[in-house]
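To keep things clear, I will list the structure first and then write my remarks on it.
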Amino acid sequence: MNKTITDRLCRLREVMETEGIDAFIFPSTDPHNGEYVPDHWKGREFISGFNGSAGTAVVTMDDAALWTDSRYFIAAEEQLSGTGYRLMKLKIEGTPTIAAWLGQKLAAKNGAVVGIDGMVNSVDTITELADELRKQGGITLRTNIDPLKIIWNDRPPVPTNKAEIHPLRFAGETAQSKIVRIREELKKVHAVGMLVSALDDIAWTLNLRGTDVHCNPVVVSYLLIDEDKVTLFVNSEKIDDEVWTYLKDTGVNVEEYEHVADGLKAYKGYNILMDPAETSYTLYKTYGDRPKVMRQSPVPQLKTLKNTTEIEGYRSAMLKDGVAMVKFLRWLKPAVEKGGVTEMSADEMLTSLRAQQPLFRDISFDTIAGYGEHGAIVHYEATPETDVELKPEGLLLLDSGAQYLDGTTDITRTIALGPITEEMRHVYTLVLKGHIDLQMCKFPANASGTQLDMLARQAMWREGMNYLHGTGHGVGSYLNVHEGPHQLRMEWKPAPLRAGMTVTVEPGLYLAGKFGCRTENTVLIRHYMTTEFGDFLEIEPLTLCPIDKSPIDVDMLTNEELDYLNSYHEKVYQELSPCLDKETAEWLHDACAPLTR
């Protein structure tokens, strides 16, 4: 048994009994509905021991369960072992919803009450859950309690790291200009102001960056925009004299972070826009019954359309990142043959090579270096307990990225470290076909990523194979590596694709207990042509790094796919070789040499 987790569950149940709560729900989010959150709000990890980025823990007086998606099935099974939790696999037939499971567990309880912290759950989450629980025999949802304040004795504080100004030479647009554009968007929906809760939206709007969230350069804060006033709610310890002056000159008032509720109460506008998918339910209730415009924030759509300066920044960041990747790839196989290289030490080498590049600030997410069967764990992260030595055989799946002041990178390469099986070769090539086929696509402006997604899957679908994660996500400009609302995925996501957006293309296949393959580029959506049928778009790869040719079954590639791969490799060589020493450039020349039948 995991005594740490069982002890925490015991203390939680004591609080639940005192408060008259029959079950409590712990999400993965924070008051800003972030995907990645500061340690202070990692309550689901604290109470369950599961550290994946997505999941929900639910605890009753005599049971506990955790819901997560296919990226974490294997990792969650291991981390939940001995904790008293059962794993609930999302999107797998037979898995009940949280409300349905609670309905079964609390069926014998008259007037059952379920608790959830309204401060770290969005309006949409709470209203939907409350409705579902009412249908389960009239279960009541209570939102005004956080038991972690009682049972988490060494809870990390809210971050107080210093905020930084993101220079105009990288941002390409002033904060004043962005605020004007936001107000123009608000007028279109008849809103006079808005509460901005998403940390990356605030960072983008004000051209501020920080170090409050691991790998995501954001500042814990709220932004309240009125018709003629802008207020940033942030811990004053985070703002030095330079940033104070900058904000004042920008026309931004500063109030303490914990005063955001008071700021909402004092808000004088006729109405306010609150994004129900981002706004904390507690803050929504704090605003009271005054008129609200409940709809999607305009900031994400503005943020995803990159300006010329940002696009050039991506190109610069990808060049630096490509140099680091090429140096790493040249080092890797000889080092593995010598022995002693592990998943973790390979990660450390790649990070050190990136850190040597100009404008490097951090990695953009924790590296996934999965060798052999670990490559089949979609979001595997090596630990001292799981770290294995790389051998000169089989496949290494390496998903990594970096934060540079001029851009954010995200790249996956699957590398043959030596001899591989025919099954590996076949699966690797199926993934590569999907990677290429989607990037070759030409499509009408405003098409949805869901409409393009099948291009990455069609070859593997013909053989009854598939992957359950998305095919692509937006990427921030020295911001969060995951950015929306646009996505490439099977599930219907209506967000339109437009010229100026960045997105990843990352199909994969994972054979549990054997190996995994994924190939990923970050790409730019750009104008292709205009005809009598409208505007059409195409995809330009921004990532500059060779794709390992040795595992490819060239007979599986069409002529068009082969030509595309060779053209991409020619571009990689032309762009990167001037930045490399002679020996490394020669290695790259061979890595990018045309593949023939």
Side-chain angles (χ1 to χ4, degrees), residues 322 325-326 328-330 332-334 336-337 370-372 375-376 392-399 411-442 454-467 471 504-511 514-521 523 538-541 543-577 585-597:
M325 282 294 301
V326 167
F328 172 81
L329 292 174
R330 182 190 175 208
L332 179 62
K333 290 183 183 180
V336 169
E337 290 172 358
Y371 175 61
E393 63 183 13
L395 297 173
L396 170 68
L397 190 156
L398 186 67
D399 187 350
I411 173 177
T412 306
R413 292 294 184 262
T414 304
I415 306 139
L417 298 178
I420 61 172
T421 67
E422 286 306 307
E423 182 181 39
M424 291 176 181
R425 189 176 306 279
H426 189 79
V427 169
Y428 179 94
T429 310
L430 283 176
V431 170
L432 178 61
K433 285 172 69 69
H435 176 77
I436 292 173
D437 289 350
L438 199 153
Q439 288 183 100
M440 290 194 299
C441 179
K442 309 293 188 285
M454 65 86 61
L455 292 171
R457 302 176 189 264
Q458 57 184 345
M460 56 184 73
W461 279 357
R462 292 191 190 106
E463 302 194 19
M465 305 179 79
N466 196 19
Y467 55 95
T471 299
T504 61
V505 176
E506 49 179 309
L509 284 173
Y510 314 94
L511 281 64
K514 293 184 177 181
F515 63 92
C517 296
R518 184 163 65 250
T519 301
E520 174 188 17
N521 280 350
V523 305
E538 65 178 357
I539 290 172
E540 174 197 346
T543 299
L544 298 171
C545 180
I547 294 169
D548 193 352
K549 295 178 296 183
S550 64
I552 298 174
D553 181 349
V554 70
D555 291 334
M556 291 174 60
L557 299 182
T558 66
N559 289 336
E560 190 177 20
E561 290 166 346
L562 184 58
D563 289 344
Y564 182 93
L565 179 65
N566 288 335
S567 176
Y568 173 71
H569 275 152
E570 182 180 3
K571 174 183 178 178
V572 169
Y573 179 73
Q574 293 298 329
E575 294 280 344
L576 293 182
S577 58
E586 290 175 352
W587 179 93
L588 180 63
H589 182 271
D590 292 339
C592 292
L595 182 65
T596 59
R597 297 192 185 281

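Distance check: R425 CZ to I552 CD1 gives 9.5 Å after rounding to the nearest 0.5 Å. Here CG of D437 is found 10.5 Å from OH of Y564. Values are rounded to the nearest 0.5 Å. Rounded to the nearest 0.5 angstrom, I547 CD1 and L329 CG are separated by 11.5 Å. In this structure, OG1 on T471 lies 11.5 Å from CZ on R518, to the nearest 0.5 angstrom. With rounding to the nearest 0.5 Å, the separation of CD in E575 from CD in E570 is 11.0 Å. In this structure, E506 CD and I411 CD1 are separated by 11.5 Å, a value rounded to the nearest 0.5 Å.
Annotation for P392 and E337: closest pair CB-CG, 4.1 Å, computed over non-hydrogen atoms. Counting all heavy atoms, side chain and backbone alike, S577 lies closest to A585 at O-CB, 4.1 Å. The two residues L562 and L595 have their closest heavy-atom pair at CD1-O, 3.5 Å. The two atoms that bring V427 and C517 nearest to each other are CG1-SG, 4.1 Å, heavy atoms only. Nearest heavy-atom pair across Y371 and L395 is CD1-O, 3.3 Å. When every heavy atom of L397 is checked against every heavy atom of G375, the shortest pair comes out as CD1-O, 3.7 Å.
For the pair W587/P546, a side-chain contact is recorded, criterion being any heavy-atom separation below 4.5 Å from C-beta on. Between V336 and L396, the closest side-chain pair of non-hydrogen atoms is not below 4.5 Å. For the pair T558 and K433, the minimum side-chain heavy-atom distance is below 4.5 Å. Side-chain contact between K514 and T421 is absent, with no heavy atoms from C-beta onward closer than 4.5 Å. Residues Y568 and T543 have side chains in contact (heavy-atom distance under 4.5 Å, counting atoms from C-beta outward). Side-chain atoms of V431 and Y467, non-hydrogen and from C-beta on, never get closer than 4.5 Å to each other.
K333 places a side-chain N or O within 3.5 Å of a backbone atom of A416 that can act as its donor or acceptor partner.
With R413 as the partner, the side-chain hydrogen bond (donor to acceptor under 3.5 Å, both in side chains) test is satisfied by one option alone out of N521, D548, D399: N521.
Checking H435 against Q439 by side-chain atom types alone, a donor-acceptor pair falls below 3.5 Å.
With a 6.0 Å radius and a threshold of 12 heavy atoms from other residues, nucleotides or ligands, E463 has its CD atom above the threshold.
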